[in-house]
Amino acid sequence: LQVVESGGDLVQPGGSLRLSCAVSGSNLDDYAIGWFRQAPGKGREGVACVNNRDGTTYYADSVKGRFAVSGDNPENAITLQMNNLIPEDTAVYYCAAVKTFGSSWHLCAWQIYDFWGQGTTVTVSY
């Protein structure tokens, strides 16, 4: 399975960006997909995760109401629409996929994800 992110850019506060996570090698419907980010000097944070097997979705409190995950079935991709961006959203954003994980794990725990992309950089600044 290959995971490739795209769409990172420099954007002003209040602006929007749309990140894409393209998955190849298997059907996206069989996987949970997570968006994670890591800012300089900080740990990895689960931003938005969706389990395509049962429709479960999770958003971090810091992005609720501003970010939205959606599927692009023809492209076998997941998009992350980011609106009303703030400087604190500046980070390298990663997409990751996992097929199965234990029920005791949180959907957005980065430790459960097996396949990772290379990351795409989002910078929110004037």
Side-chain angles (χ1 to χ4, degrees):
L1 190 74
Q2 281 195 314
V3 178
V4 179
E5 312 94 334
S6 61
D9 206 344
L10 169 66
V11 62
Q12 292 188 357
S16 298
L17 273 179
R18 187 179 181 91
L19 304 184
S20 181
C21 174
V23 177
S24 60
S26 191
N27 192 325
L28 198 61
D29 292 343
D30 295 331
Y31 288 80
I33 302 294
W35 282 100
F36 302 85
R37 67 185 181 187
Q38 189 160 16
K42 294 189 176 181
R44 197 174 312 184
E45 175 189 15
V47 174
C49 300
V50 56
N51 190 345
N52 289 320
R53 295 166 75 99
D54 64 12
T56 305
T57 305
Y58 167 86
Y59 292 96
D61 287 344
S62 57
V63 306
K64 276 181 184 175
R66 300 190 298 121
F67 290 13
V69 174
S70 61
D72 184 351
N73 288 338
E75 299 294 328
N76 209 41
I78 290 284
T79 61
L80 180 67
Q81 179 67 41
M82 307 188 295
N83 299 324
N84 195 20
L85 285 160
I86 59 178
E88 290 76 11
D89 294 321
T90 295
V92 178
Y93 283 71
Y94 298 91
C95 181
V98 61
K99 192 164 188 177
T100 60
F101 56 96
S103 58
S104 62
W105 283 95
H106 191 280
L107 175 62
C108 233
W110 64 264
Q111 296 90 335
I112 67 172
Y113 285 80
D114 298 319
F115 305 97
W116 289 81
Q118 80 289 350
T120 186
T121 300
V122 173
T123 303
V124 184
S125 179
Y126 288 107

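Values in this document were obtained by computation on a predicted structure and should not be read as measured data.
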Q: Report yes if the side chains of R66 and M82 come closer than 4.5 Å at any heavy-atom pair, otherwise no.
A: no
Q: Supply the atom-to-atom distance N52 CG to K99 NZ, rounded to the nearest 0.5 angstrom.
A: 12.5 Å
Q: Supply the atom-to-atom distance E5 CD to C95 SG, rounded to the nearest 0.5 angstrom.
A: 5.5 Å
Q. Looking at side-chain heavy atoms only, is the closest gap between V23 and I33 below 4.5 Å?
A. yes
Q: State whether a side-chain donor-acceptor pair under 3.5 Å links S20 with T79.
A: no
(Q) Taking the cut-offs as 6.0 angstrom to the six-membered ring centre and 45 degrees off its axis, would you call R44 and W116 a cation-pi pair? (A) yes
Q) Are V122 and L17 side-chain neighbours, meaning at least one heavy-atom pair lies under 4.5 Å? A) yes
Q) Of all heavy-atom pairs between L1 and S26, which one has the smallest distance, and what is that distance? A) CD1-CB, 3.6 Å
Q: With sequence neighbours left out, write down each residue that passes ring pair (Phe, Tyr, Trp, His ring centres under 6.0 Å) with F67, or none if nothing qualifies.
A: none
Q) Looking at side-chain heavy atoms only, is the closest gap between D29 and N27 below 4.5 Å? A) yes
Q. Of all heavy-atom pairs between A39 and T90, which one has the smallest distance, and what is that distance?
A. CB-O, 3.6 Å
Q. What's the spacing between Q12 CD and Y126 OH if we round to 0.5 Å?
A. 7.0 Å
Q. From T121 OG1 over to R37 CZ, what is the distance, rounded to the nearest 0.5 angstrom?
A. 13.5 Å
Q) Between A109 and F36, which heavy-atom pair has the shortest distance, and what is it? A) C-CE2, 4.3 Å
Q.
Please determine whether residues Y59 and I112 belong to a single hydrophobic cluster, defined as Ile, Leu, Val, Met, Phe, Trp and Tyr linked transitively by side-chain heavy-atom distances below 4.5 Å.
A. no
Q) Any side-chain heavy-atom pair from E45 and W110 closer than 4.5 angstrom? A) no
Q. Are any non-hydrogen side-chain atoms of I78 and L28 less than 4.5 angstrom apart?
A. yes
(Q) Please find the pair of heavy atoms, one from A32 and one from L107, that lie closest to each other, and give the distance. (A) CB-CD1, 3.9 Å
Q | Cluster overlap Y94 with L19, hydrophobic side-chain contacts below 4.5 Å | A | no
Q.
Could you walk me through whether R18 and S6 satisfy the side chain to side chain contact (heavy atoms under 4.5 Å, CB included) test, starting with their C-alpha distance in whole Å, then the side-chain angles of each, then the deciding distance to 0.1 Å, before giving a yes or no?
A. CA-CA 9 Å; R18 187 179 181 91; S6 61; over 6 Å; no
Q) Are V3 and V92 connected in a single hydrophobic cluster, I mean Ile/Leu/Val/Met/Phe/Trp/Tyr linked by side-chain heavy atoms less than 4.5 Å apart? A) no
Q) Distance from S62 atom OG to I86 atom CD1, nearest 0.5 Å? A) 7.5 Å
Q | Validation row, ring centre Y113 to ring centre F101 under 6.0 Å | A | no
Q) Heavy atoms, side chains only, cut-off 4.5 Å: are C21 and V4 in contact? A) no
Q: Determine whether E88 and P13 make a side-chain contact, defined as any pair of heavy atoms from C-beta on separated by less than 4.5 Å.
A: no
Q: List the atom of N84, the atom of S16, and the distance in Å for their closest heavy-atom pair.
A: N-OG, 4.2 Å
Q) Looking at W35 and C49, what are the two nearest heavy atoms and their distance? A) N-SG, 4.3 Å
Q: Give a yes or no answer on whether the side chain of T123 reaches the backbone of L10 with a donor-acceptor pair at less than 3.5 Å.
A: no
